[in-house]
Structure formats: structure tokens, C-alpha cells
Amino acid sequence: MPELPEVETIVRELRPQLVDRRISAVRMSRQRLRKQWQKSWERQLIHHRVAAIRRRGKWILLDLDPDLHLVIHLGMTGQLTIRPAQELLRTHTHLVFSLDGGHSELRFRDTRRFGSATLFASGAELERFFEEVELGPEPFHLNAKYWQQRLAATRRCLKAVLLDQRVVAGVGNIYADESLFQARLHPARLGNEVSATEAMRLRRALIRVLNRAILQRGSSIRDYVGGSGQRGQYQEEFRVYQRAGQPCPRCRKPIACIRLAGRATHFCARCQPLSDSKNVVPCI
DNA sequence: ATAGGCGCCTGCTGGC
DNA sequence: TGCCAGCAGGCGCCTA
């Protein structure tokens, strides 16, 4: 499931292969993605040069000359890779962008089709889109005051706040759990009941975990591969995620798994204490 | 404001 | 071995 570190890895790996190249053809599958791909976008893209590829939260942005913006979200199972044109198309490949010589292709593959690809005809349209979805700041640019205020202003639990893309962009289930463990904060703690010190601890942990995961080129649980089709390594460093019942790496108490904010949530009940007892539904 | 539920979607897993 | 329910979860939408 691509979250910020996976998307960042893909963007970094695609950049040298994609920038300065022109799209010479576009093909699509019959199956629709989360947002319907418009046939007219294909004509708009052809002959245009990729000026830059960047990431915003979990979104991948391809900026094309003069002012076209292809915005891709990988959902749960999306893959974006450059492959030689002669390589057989794998099942669930939904979009294929031929690159200038026609020898290679940018391919968007998504088994479960929770992903999307959209074209914006100007930078203004692109900006409007991010305003509409109210995408929050990048974790690395989380202003201390902003972060404290967002936490203080909500009675939602920390897990739910971390997953909210409007508060902070790019965090998904894996890195929410890993950051809360690193910060020694129980995922069910309420935003407005967290001290300023604890809020800063969480911010620091989040940044540390994300940076480490980027260094390891993301986590490959099943589908995820980087822009060159290579798997990530961070799953080897999971402290709590998907480790229910296994000993806590810090205190040896078995890792717990509960359902929170509609998600499986992993933590150590000893290292991440919850002062007041709460009704939490065990899972597994 | 916030929680919870559903639907989208496929592949894998566990129980029988 | 086969079948099927249940689960995984990002996101948008709806209702309470």
C-alpha cells in the first residue's frame, strides 16, 4: 500500500528516466479507475515533454510543457513503472504512456483499481484541486504551532488524526502505527488530551520513521514496487505493524492489535500506555 | 464535530 | 481438493 515513502521512492526512481522525454502515444484499458480517464486527455498529452515529476502527499505529479499536469494516485495496489515497450503487458495494466523513441513505456498498473489518473490543463486547475481536497502540509514541513493547534482542536484519536490527509499529507496505516510506537503514544489517545511535549515527540517520530523508510525505499508487503520494479526493504524494520502477538522490540510484551478509525492498529500496551481505560475492540 | 458504515475492487487466507 | 466468507485499506460519501 503506497504511502509517502513508497510514492517518494517511485518519484525518485522515475525522475532520471522520465524528465525531458516526450509522450508519443497513450493507451488505456477498458476498465475504469476510481476516476474515469477521459479519452480527450490522450490527445492533449501527445508530443508534450515531461518537465518534472514530483510528489505531494501520496499524489504523484507529472508536469508537462507548457502547463499540463498529470496527477496520479496509487490507491492500495497501484504501480507506476517504466518498462521496455517489447515487455509483455501484465494484467491490470490500465494506462500506458509511450515515450519518445517508443522503446520504453510508463505503465500504470493497479489490481484493485482504487487508484486514479487525472489531467489538469493548467497550474491553476491543479492548485484548485489540492484546495478542494484540503491536502495538509508535508510531514517534513509540519510547523510546530500548527501541529499542536490541530491536535488541541480535536477530540479524535491520534491514529485518526495521522490518517487524515487534511491534517498532514502522506501518512497511511503502516507509518501511523510505526510513528506512534516510536513516539510511545497510544493510538487511542485523544488529540486534545496530548501535551505539547507529546505532540512534538510525535512530529519528531513521524519524520524519523518516514525518512528511514525512504532510505529503505519503502515497504513491500505484497504489491508495492518502486519505479524500477524493485521491492522496498522497510518491512524488515517494522516494530509493530503486522506484528500482533510477537514480542515488543523494546519490552518483549506481545504487540496488541485493535481496530481504530476503521483500521487494524498495532501497538505495545506497555510502551504506549493509555492512562484512562477505554473500550477498544480486540481484533485477532 | 465526529464516528461509523458502506462501496469500490481483487487476491489471499482460513475454516469446513 | 474445492468452495466461500472474511479480510486487507485509501478515499469519498452518507447517516446518525
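Values reported hereafter were calculated over all heavy atoms of this structure, with side chains retained and with hydrogens, waters and symmetry mates removed. Note on naming: letters A, B, ... go to the chains in the order of the sequence lines (proteins, then strands), and numbering restarts at 1 for each one.
Taking the six-membered ring where tryptophan is involved, the planes of A/Tyr175 and A/Tyr234 are tilted, since the angle between them lies from 30° to 60°. Relative ring orientation between A/Phe120 and A/Phe129 is described as tilted, the plane-to-plane angle lying within the 30° to 60° band.
Relative to the side chain of A/Arg263, the nucleotides C/dG10, B/dC9, B/dA3 differ in distance, and C/dG10 lies closest. With C/dG12, B/dT2, B/dT10 as the choices, the nucleotide that has an atom nearest any side-chain atom of A/Thr154 turns out to be B/dT2. Set against C/dG10, C/dA8, B/dT2, the side chain of A/Arg112 has C/dA8 as its closest nucleotide. Among the nucleotides B/dG11, B/dT2, C/dG9, the one closest to any side-chain atom of A/Thr111 is B/dG11.
If you take CZ of A/Arg259 and C1' of B/dG4, they are 12 Å apart, rounded to a whole angstrom. For the pair A/Asp164 CG and B/dG4 P, the interatomic distance rounds to 15 Å; values are reported in whole Å. Atom NE2 in A/His94 sits roughly 10 Å away from atom C1' in B/dC9 (whole-Å rounding). When rounded to the nearest whole Å, the span between CG of A/Leu163 and P of C/dC11 equals 9 Å. Residue A/His266 contributes atom NE2, which lies 7 Å from atom P of C/dG9 at whole-angstrom precision. In this structure, CZ of A/Arg113 is placed 13 Å from C1' of B/dG7, rounded to the nearest angstrom. A/Leu33 has its CG atom 11 Å from the C1' atom of B/dC9, to the nearest Å. Taking atom CD of A/Gln79 as the reference point, atom P of B/dT10 lies 15 Å away to the nearest angstrom.
Close to C/dC11, at under 4.0 Å from its OP1 or OP2, lies a side-chain N or O of A/Lys58. The side chain of A/Gln165 places no N or O atom within less than 4.0 Å of a non-bridging phosphate oxygen (OP1 or OP2) of C/dG10. Side-chain N/O atoms of A/His73 include none lying less than 4.0 angstrom from OP1 or OP2 on C/dG10. At least one side-chain nitrogen or oxygen of A/Tyr241 sits closer than 4.0 Å to the OP1 or OP2 atom of C/dG9. Distances shorter than 4.0 Å separate none of the side-chain N or O atoms of A/His92 from OP1 or OP2 on B/dC9.
Remark: the backbone N or O of A/Gly115 is paired with a side-chain donor or acceptor of A/Asp110 at under 3.5 angstrom. Judged by distance alone, the side chain of A/Glu3 and the main-chain N or O of A/Asn173 form a donor-acceptor pair under 3.5 Å.
In summary, the side chains of A/His69 and A/Asp63 do present a donor paired with an acceptor at a separation below 3.5 Å, with no hydrogens or angles considered.
B/dC8 has its base stacked against the ring of A/Phe114, the centroids being under 5.5 angstrom apart at an interplanar angle below 30°.
Within 4.0 Å of A/Arg155, counting heavy atoms only, lie sugar-phosphate atoms of the nucleic acid but no base atom.
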